Amino acid sequence: MADLRKLFYPDSIAIVGASRHPGKIGYMILKNLIEYGYRGKIYPVNPNADEIMGLKCYPRVSAIPEPVDVVVVSVPAPKVPEVIEDAGKAGAKFAVVISSGFKEVGNVELENKIVEIAHKYGMRILGPNIFGYVYTPAKINATFGPRDVIEGNVAFVSQSGALGIALMGMTILEKIGVSAIISIGNKSDLDDADFLEYFADDPQTKVVIFYIEGVKDGKRFIEMAARTTLKKPVIAIKAGRTEAGARAAASHTGSLAGNIAIYNAAFKQGGVLVARTVEEAFDWVKSFSWNPLPQGDNLVIITNGGGAGVQATDTLADFGIFLKKPPSYTVEEVKKFVPPFASLANPIDITGMAPTEWYYKALVAALRDPEVHSIVVLYCHTAVTDPMGVAQNIVAAIKDTGIRKPITVSLIGGKECYEAIRYLTEHQIPAYPTPERAAAAMAIMYKYLEAREYVSKRLEEISKE
Ligand code: COA
């Protein structure tokens with residue numbers, strides 16, 4: 001078992017290859033680390049400079065007068081072994097190797113060599129071929145990605161570097177707060193399972209998401225995923241789910257994407273929720289990150305349009321989730337203000353003439369109804385009802401009742417709907433432009449509960465054997 005505490009809560013970080021030149025990776029990592037607010041000691045290491053960004057520069061790690069916990073390495077691959085040797089001798093605990101030019105281009109020997117040297121000194125390696133790592137509880141942004149990552153409860157682990165950086169930017173755009181972003185690249189030493197093990201027990205992390213091309217040790221991955229699933233959801237975007245994709249992955253990080261059927265079976269055993277697309281994964285992440293888990297299976301849809309309600313119902317059915325009759329308290333409350341032609345089955349259709357306050361009243365009723373466990377709110381853009389007004393009423397209903405239940409929303413229509421979605425996003429209410437996405441983001445919470453149950457039973461059976 002890897003003890004990752006000092007990677008996430010280091011007293012000091014050295015950047016080997018910290019550069020004086022803006023635009024270089026070693027410059028950006030140092031800048032991000034300083035500006036994101038890391039409070040431990042930062043040591044730039046560069047034999048060709050005395051000082052960088054106002055910090056004294058050291059020629060090598062072993063010249064630093066105090067012990068260093070983490071060494072971020074950003075020098076060309078052929079120089080990495082001597083850096084690892086020196087850092088290991090100096091007692092560093094982790095080397096975060098940014099440099100490319102290892103297994104992904106066939107340099108397996110060089111990669112094995114750095115791991116061998118590191119292990120000689122009890123040091124662990126993250127990478128190589130990575131963009132670094134973020135851990136917001138310790139204010140660490142040791143990446144050359146965007147600086148202003150939002151603090152939150154999502155741990156994101158990416159095997160792909162460039163896509164990982166891009167997704168890091170997307171978390172900022174989508175207002176998704178993260179606890180961690182880890183680039184694991186070639187996984188020469190630390191791998192997915194090590195991070196699962198850490199995040200399972202990390203109180204700062206509520207949901208874990210992986211971008212995976214290939215897994216090194218399938219059995220251990222399943223075991224760690226299962227243990228994590230018992231505590232929090234694990235989502236995977238599995239790249240290489242077609243033969244063509246698998247070939248592309250093999251030439252990328254040098255790992256075999258393997259047979260997708262085998263992966264699917266493994267993911268099922270570990271309770272992993274597999275997203276087909278980046279969009280789907282982010283939709284789900286918002287739902288898990290911002291919602292509590294449903295406390296029962298009575299899901300109610302509130303809509304002003306029959307068609308949107310049907311689309312959402314179909315999507316739920318695709319996930320194996322079927323709507324029940326809406327509970328009587330909610331129905332009686334809604335009956336008080338809707339016209340007689342409103343359909344009060346589930347979906348509850350408050351009709352196309354619904355003003356914004358009907359959304360407020362219907363949502364308040366559903367929130368107060370102890371028999372309603374989760375709510376999907378749908379709105380089709382009409383000229384009689386302002387999308388922003390609907391969004392504001394949704395926020396007000398939650399605030400006024402003080403009740404948090406799982407809610408997903410879809411505002412379907414033009415530009416004003418996008419602004420209203422933005423408003424809801426800022427209030428951490430998962431909102432989407434289509435009813436299918438809102439329904440799927442709710443359905444996945446139920447799929448998680450099923451997966452947790454499945455894993456729990458499976459582990460119980462194993463323990464009896
Ligand atoms: N110890 C410490 N610093 C050293 C050094 C050593 N042994 N040898 C050289 N340096 C200094 C250099 O002087 C330079 O500083 P300067 O710019 O102030 O002169 C700095 O370290 C960087 O070295 P340089 O040789 O200029 O390398 P580079 O910045 O052009 O490239 C990498 C280094 C690691 C970025 C590059 O080799 C690489 O692998 N790039 C790809 C990274 C990547 O894409 N990773 C995957 C992400 S998804």
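Indexing begins at 1, ligand by ligand and atom by atom, following the structure's order. Below, each value reflects all heavy atoms present in this structure, side chains not excepted, and no hydrogens, waters or symmetry copies. Here the structure is a predicted model, which means the values were calculated and not measured.
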Please give the N or O to N or O pairs under 3.5 Å between ligand 1 and the protein, distances rounded to 0.1 Å.
{"unit_1": "ligand 1", "atom_1": "8 (N)", "unit_2": "K79", "atom_2": "NZ", "d": "2.9"}
{"unit_1": "ligand 1", "atom_1": "13 (O)", "unit_2": "N48", "atom_2": "ND2", "d": "2.8"}
{"unit_1": "ligand 1", "atom_1": "15 (O)", "unit_2": "N46", "atom_2": "ND2", "d": "2.8"}
{"unit_1": "ligand 1", "atom_1": "17 (O)", "unit_2": "S19", "atom_2": "OG", "d": "2.6"}
{"unit_1": "ligand 1", "atom_1": "17 (O)", "unit_2": "H21", "atom_2": "ND1", "d": "2.9"}
{"unit_1": "ligand 1", "atom_1": "17 (O)", "unit_2": "K24", "atom_2": "NZ", "d": "2.9"}
{"unit_1": "ligand 1", "atom_1": "18 (O)", "unit_2": "R20", "atom_2": "N", "d": "2.9"}
{"unit_1": "ligand 1", "atom_1": "18 (O)", "unit_2": "R20", "atom_2": "NE", "d": "2.8"}
{"unit_1": "ligand 1", "atom_1": "18 (O)", "unit_2": "R20", "atom_2": "NH2", "d": "3.4"}
{"unit_1": "ligand 1", "atom_1": "18 (O)", "unit_2": "N46", "atom_2": "ND2", "d": "3.2"}
{"unit_1": "ligand 1", "atom_1": "19 (O)", "unit_2": "R20", "atom_2": "NH2", "d": "2.9"}
{"unit_1": "ligand 1", "atom_1": "26 (O)", "unit_2": "K24", "atom_2": "NZ", "d": "2.5"}
{"unit_1": "ligand 1", "atom_1": "39 (O)", "unit_2": "S100", "atom_2": "N", "d": "2.8"}
{"unit_1": "ligand 1", "atom_1": "45 (N)", "unit_2": "I98", "atom_2": "O", "d": "3.0"}
{"unit_1": "ligand 1", "atom_1": "45 (N)", "unit_2": "S100", "atom_2": "OG", "d": "3.2"}

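Ring-plane geometry between F8 and Y135 is classed as tilted, the angle between the planes lying from 30 to 60 degrees on a 0 to 90 degree scale.
A 4.5 Å side-chain heavy-atom check between S19 and I52 finds every atom pair outside the cut-off. By the 4.5 Å heavy-atom criterion applied to side chains, L33 and V72 are not counted as neighbours.
A distance of 10.0 Å separates CG in N186 from NZ in K216, rounded to the nearest 0.5 Å. How far NE2 of H427 is from CD1 of I394: 11.5 Å, rounded to the nearest 0.5 Å.
Scanning all heavy atoms of the two residues, the minimum distance from S179 to P137 falls at O-CD, 3.4 Å.
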